[in-house]
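See structure below.
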Amino acid sequence: MPARISHPLFARVYARLRPVMDRQGADEHRRRLMDGLSGRVVEVGAGEGGNFAHYPAEVSEVVAVEPEPYLRAKASSRAQDVTVSVRVVDGSAERLPVEDRSADAVVASLVLCSVTDQQRALSEACRVLRPGGELRFYEHVAAPGGSRLARVQRVADLTLWPLLMGGCHVGRDTATAIATAGFDIEEIDRFDFPPDQPSPASPHILGRAVRVANEGGMP
C-alpha cells in the first residue's frame, strides 16, 4: 500500500540543502555509515538518494524506501547514476515493503527523527533483518537532559519545528529507542553537527547495532 506521505515544500528545500550539508562534513559521515556493508541492504527514508554513491561494491542490492513523492522521484533518477544496484520503492518506515529476515543490513540516515512511530519503525527494521544483521544509524538526537539545549528542543517540538521540517522532531532519544527495540549497539559516536553552527538539531549519533533474537528466534 502506498505510504501517502507528502511534504512538497520541505522536500524541495531538503533536496537543495543536502549538498550544502555534505560540504560541511555530512558526506564524510555518510561514507563512515556505509563502510563495510555487504549483501542486501534496506535503506529507510532514502530521501533523494544522497547515500547511494557511498555504498561499497560488496553490496549486492539496495532497496531504497521513500514515501515522499518528490524525493522518491529524485532518488529514482539518482539510482541510475551509481554502480551499485538500487531499487527505489514507495513505503514507510513503519510498514516496510520487504520480506522477513531478507536483509543483511538496514540503513537509517536522518529519518528516525521524522517517522510517526519510532518504535514501530525500529521493530520493522528488526523484522526485515536476518539474525545478526546490522542497523546502521546516523541521526540527530536529544541533547542531554537538563541542558539549555534540551529545553530549546522541547519547545521546538511542541511548536513550529515539526510543521516546518517535514515532521522532524529534535528531542528524540534515538539511541535508547534502538537499544530497547531488539538491537545491541556495538559502536556509537556522538558529535555536534555542524560543529560551529548551534541549532536545536545539533546533537548527532552515528554507529551500528546488531539485531538480536530471543529464545523463540524472533525479536
Side-chain angles (χ1 to χ4, degrees), residues 5-35 37 43-55 64 66-68 70-72 74-75 78 82 93 106-116 118 121-122 135-179 185 187-209:
I5 294 174
S6 179
H7 297 292
L9 178 58
F10 172 76
R12 286 160 174 78
V13 171
Y14 179 79
R16 291 178 176 271
L17 283 180
R18 199 270 306 165
V20 176
M21 295 164 59
D22 282 355
R23 290 193 293 271
Q24 292 174 321
D27 193 61
E28 174 62 15
H29 300 158
R30 297 177 194 277
R31 185 197 64 75
R32 290 173 55 200
L33 182 69
M34 308 303 176
D35 187 42
L37 286 176
E43 182 172 344
V44 181
E48 33 71 87
N51 288 328
F52 294 170
H54 295 284
Y55 281 103
E66 176 51 54
E68 211 292 320
Y70 178 83
L71 293 176
R72 189 169 62 252
K74 288 282 190 181
R78 189 176 297 274
V82 297
V106 170
V107 169
S109 175
L110 302 177
V111 65
L112 294 175
C113 60
S114 60
V115 296
T116 302
Q118 194 177 66
L122 288 166
L135 172 68
R136 298 290 185 97
F137 55 90
Y138 169 42
E139 300 286 341
H140 67 78
V141 296
S147 67
R148 180 179 181 276
L149 182 54
R151 294 192 292 272
V152 171
Q153 288 179 329
R154 283 196 295 273
V155 173
D157 281 350
L158 290 171
T159 52
L160 291 177
W161 190 275
L163 179 65
L164 297 176
M165 303 301 287
C168 170
H169 293 76
V170 291
R172 290 183 173 177
D173 184 358
T174 300
T176 297
I178 291 170
I185 296 178
E187 294 181 12
I188 187 167
D189 184 18
R190 296 180 182 271
F191 54 92
D192 289 340
F193 178 77
D196 56 349
Q197 297 177 25
S199 84
S202 291
H204 280 62
I205 57 173
L206 190 156
R208 65 183 186 90

Which residue pairs pass the salt bridge (Lys or Arg N to Asp or Glu O under 4.0 Å) test with at least one member in [range], sequence neighbours excluded?
range: residues 17-34; result: Arg18-Asp22, Arg18-Glu48, Asp22-Arg30, Glu28-Arg31, Arg32-Asp189
range: residues 199-209; result: Glu134-Arg208, Glu186-Arg208, Glu187-Arg208
range: residues 164-175; result: none

My understanding is that only residues two or more places apart in sequence, or in another chain, count here; which of them pass salt bridge (charged side-chain N to carboxylate O under 4.0 Å, His left out) with Arg154?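 Counting only residues at least two positions away or on another chain, Arg154 forms no salt bridge (charged side-chain N to carboxylate O under 4.0 Å, His left out).
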Please enumerate all residues that pass salt bridge (charged side-chain N to carboxylate O under 4.0 Å, His left out) together with Asp35, with sequence neighbours excluded.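 With neighbours one apart ignored, the set is empty.
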Listed once per pair and sorted, the side-chain hydrogen bond (donor to acceptor under 3.5 Å, both in side chains) pairs that draw on residues 137-152, sequence neighbours left out: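 Qualifying pairs, neighbours excluded: His29-Tyr138.
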Once side-chain contact (heavy atoms from CB on, under 4.5 Å) is applied, do any residues pair with [X], and if so which ones, sequence neighbours excluded?
X: Leu17; answer: Val13
X: Val82; answer: Phe52, Ala53, Val86
X: Pro194; answer: Gln24, Asp196, Gln197

With sequence neighbours left out, write down each residue that passes side-chain hydrogen bond (donor to acceptor under 3.5 Å, both in side chains) with Ser202, or none if nothing qualifies.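 Ser202 satisfies side-chain hydrogen bond (donor to acceptor under 3.5 Å, both in side chains) with no other residue.
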Got a sec, which residues hit side-chain hydrogen bond (donor to acceptor under 3.5 Å, both in side chains) with Gln153, two or more places apart in sequence or on another chain?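 By the side-chain hydrogen bond (donor to acceptor under 3.5 Å, both in side chains) rule, Gln153 matches no residue at all.
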Report yes or no: does Asp157 contribute a side-chain atom to a donor-acceptor pair with the main-chain N or O of His169 at less than 3.5 Å?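 No; judged by distance alone, with no hydrogens or angles, the pair does not exist.
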